[in-house]
**Student:** 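Okay, handing you the structure first.
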Amino acid sequence: MPQVWIDIEDNDNCGYFPMQTFEARGEERVASSIVLASVTNVEGRCEVVGWSDEGQCDVRVIQVGDSGAGESILVYGDNHGIRLRPRDSTGEWMLDSPHEFGEPYMLLPTGTEVEFIGLRPN
C-alpha cells in the first residue's frame, strides 16, 4: 500500500509536529486551495491552502486509512502544514492575520464536502 508521510518542521504557522504516516486509499488531488463546508474554529465555509517555508503553496487531499474511523480524508500542505480562514476573507494569506490560523494537517470524515479551486492534473 502506498503511504503518505507528513513531517512538519518547527515554524510560525503551526509549530513542530512529529512525523505521521498514513496508508493511502485513494488518488491524491492537488489544488491551489480547497473550500470545506464545516471546520472547527471557522463559522461557515472555510478556505484552506498549503503552507511552506516560502509561504502559500498547493494543498493536497487524499482518502487514507484511519485507525479510529476506518477511513478519513487527509488534507495536508508542505513542510509548514496548512493555513485556514473563512471563505469570505480577502487579501493575501499572512501569518499575522487575525482571521487565519495554521494546522499541521486535518483528518476529516469520509463524505466531507470538498470544493477544489485550481485543481492540478496528477
**Student:** Test side-chain hydrogen bond (donor to acceptor under 3.5 Å, both in side chains) on E71 and T110 and set out the steps.
**Tutor:** CA-CA 7 Å; E71 284 192 352; T110 299; 4.7 Å; no
**Student:** Compare all side-chain heavy atoms of I6 with those of L74 and state whether any distance is below 4.5 angstrom.
**Tutor:**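 I6 reaches L74 side chain to side chain.
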**Student:** Provide the closest heavy-atom pair for R60 versus E28 in the form atom of the first, atom of the second, distance.
**Tutor:**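 In this case the closest contact between R60 and E28 is CD-OE2, 3.4 Å.
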**Student:** Is the shortest side-chain heavy-atom distance between V64 and L107 below 4.5 Å?
**Tutor:**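 Result yes, sub-4.5 Å side-chain heavy-atom pair found.
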**Student:** I'd like to check D53 versus N11 (side-chain heavy atoms, cut-off strictly below 4.5 Å). Are they in contact?
**Tutor:**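 Sidechains of N11 and D53: no contact.
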**Student:** With the side chain counted from C-beta on, respond yes when Y105 and F17 share a heavy-atom pair under 4.5 Å apart, and no when they do not.
**Tutor:**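 Side chain of Y105 against side chain of F17, heavy atoms only: contact under 4.5 Å found.
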**Student:** Starting at SG of C46, measure out to CD of E115 and round the result to the nearest 0.5 Å.
**Tutor:**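 The CD atom of E115 is 12.0 Å from SG of C46, to the nearest 0.5 Å.
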**Student:** Please name the pair of heavy atoms, one in S89 and one in R85, separated by the smallest distance, quoted to 0.1 Å.
**Tutor:**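 The pair with the smallest heavy-atom distance is CB-CD, 3.5 Å.
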**Student:** Are F101 and I82 connected into the same hydrophobic cluster when the rule is that any two of I, L, V, M, F, W, Y join if their side-chain heavy atoms are below 4.5 Å apart?
**Tutor:**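 Result: yes, single cluster for both.
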**Student:** Please evaluate residues Q63 and I73 with respect to the criterion side-chain contact (heavy atoms from CB on, under 4.5 Å), reporting the C-alpha separation (whole Å), side-chain torsions for both, the decisive distance (0.1 Å), and the verdict.
**Tutor:** CA-CA 5 Å; Q63 193 85 20; I73 298 171; 3.8 Å; yes
**Student:** Any salt bridge linking E23 with R25? Criterion: basic side-chain nitrogen under 4.0 Å from a carboxylate oxygen.
**Tutor:**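 Yes.
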**Student:** Tell me, yes or no, whether the heavy-atom count around D12 atom CG, taken from other residues, nucleotides or ligands under 6.0 Å, exceeds 12.
**Tutor:**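 Count not over threshold, so no.
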**Student:** Are L36 and V49 in one and the same hydrophobic cluster, where Ile, Leu, Val, Met, Phe, Trp and Tyr link if side-chain heavy atoms are under 4.5 Å apart?
**Tutor:**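 Different clusters.
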**Student:** Using the side-chain contact (heavy atoms from CB on, under 4.5 Å) rule, take Q56 and W51 through it: C-alpha gap first, then chi angles, then the decisive distance, then the call.
**Tutor:** CA-CA 5 Å; Q56 181 181 347; W51 206 257; 3.9 Å; yes
**Student:** N79 vs D7, test: side-chain contact (heavy atoms from CB on, under 4.5 Å). Steps then yes/no.
**Tutor:** CA-CA 6 Å; N79 61 337; D7 190 15; over 6 Å; no
**Student:** Any heavy-atom pair between the side chains of L84 and M106 that's under 4.5 Å?
**Tutor:**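 M106 vs L84: side chains touch.
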**Student:** Does any part of the side chain of R83, heavy atoms only, come nearer than 4.5 Å to the side chain of C14, both counted from C-beta?
**Tutor:**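 No, every pair of side-chain atoms sits at 4.5 Å or beyond.
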**Student:** What distance do S32 atom OG and I117 atom CD1 have between them, rounded to the nearest 0.5 Å?
**Tutor:**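 S32 OG to I117 CD1: 6.5 Å, rounded to 0.5 Å.
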**Student:** Could you tell me if the side chain of V35 sits less than 4.5 Å from the side chain of V114, heavy atoms only?
**Tutor:**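 No. Closest side-chain heavy atoms not under 4.5 Å.
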**Student:** Less than 4.0 angstrom from a charged side-chain N to a carboxylate O is my criterion; do R87 and E47 meet it?
**Tutor:**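 Salt bridge between R87 and E47, a charged N being under 4.0 Å from a carboxylate O: no.
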**Student:** First locate atom CG of L119, then atom CD1 of I34, and finally report the distance between them rounded to the nearest 0.5 Å.
**Tutor:**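 If we round to the nearest 0.5 Å, L119:CG and I34:CD1 are 11.0 Å apart.
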**Student:** Mind listing the closest non-hydrogen atom pair of I8 and G81 along with its distance?
**Tutor:**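 Result for this residue pair: CD1-N, 3.5 Å.
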**Student:** Under the 3.5 angstrom rule, does the side chain of N13 hit a backbone N or O of L95 as a donor-acceptor pair?
**Tutor:**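 No.
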**Student:** Judged by modelled atom types alone, do Q3 and T21 share a side-chain donor-acceptor pair under 3.5 Å?
**Tutor:**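 No, no side-chain donor-acceptor pair sits under 3.5 Å.
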**Student:** Is the side chain of R29 donor-acceptor paired with the backbone N or O of E27 at a distance under 3.5 Å, no angle test?
**Tutor:**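 Not confirmed, R29 side chain does not pair with E27 backbone.
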**Student:** Do you know which two heavy atoms are closest between I62 and Y76, and how far apart they sit?
**Tutor:**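 Result for this residue pair: CG2-CE2, 4.1 Å.
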**Student:** Do E9 and Y16 have side chains that get closer than 4.5 Å, going by heavy atoms?
**Tutor:**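 Heavy-atom side-chain distance check fails, nothing below 4.5 Å.
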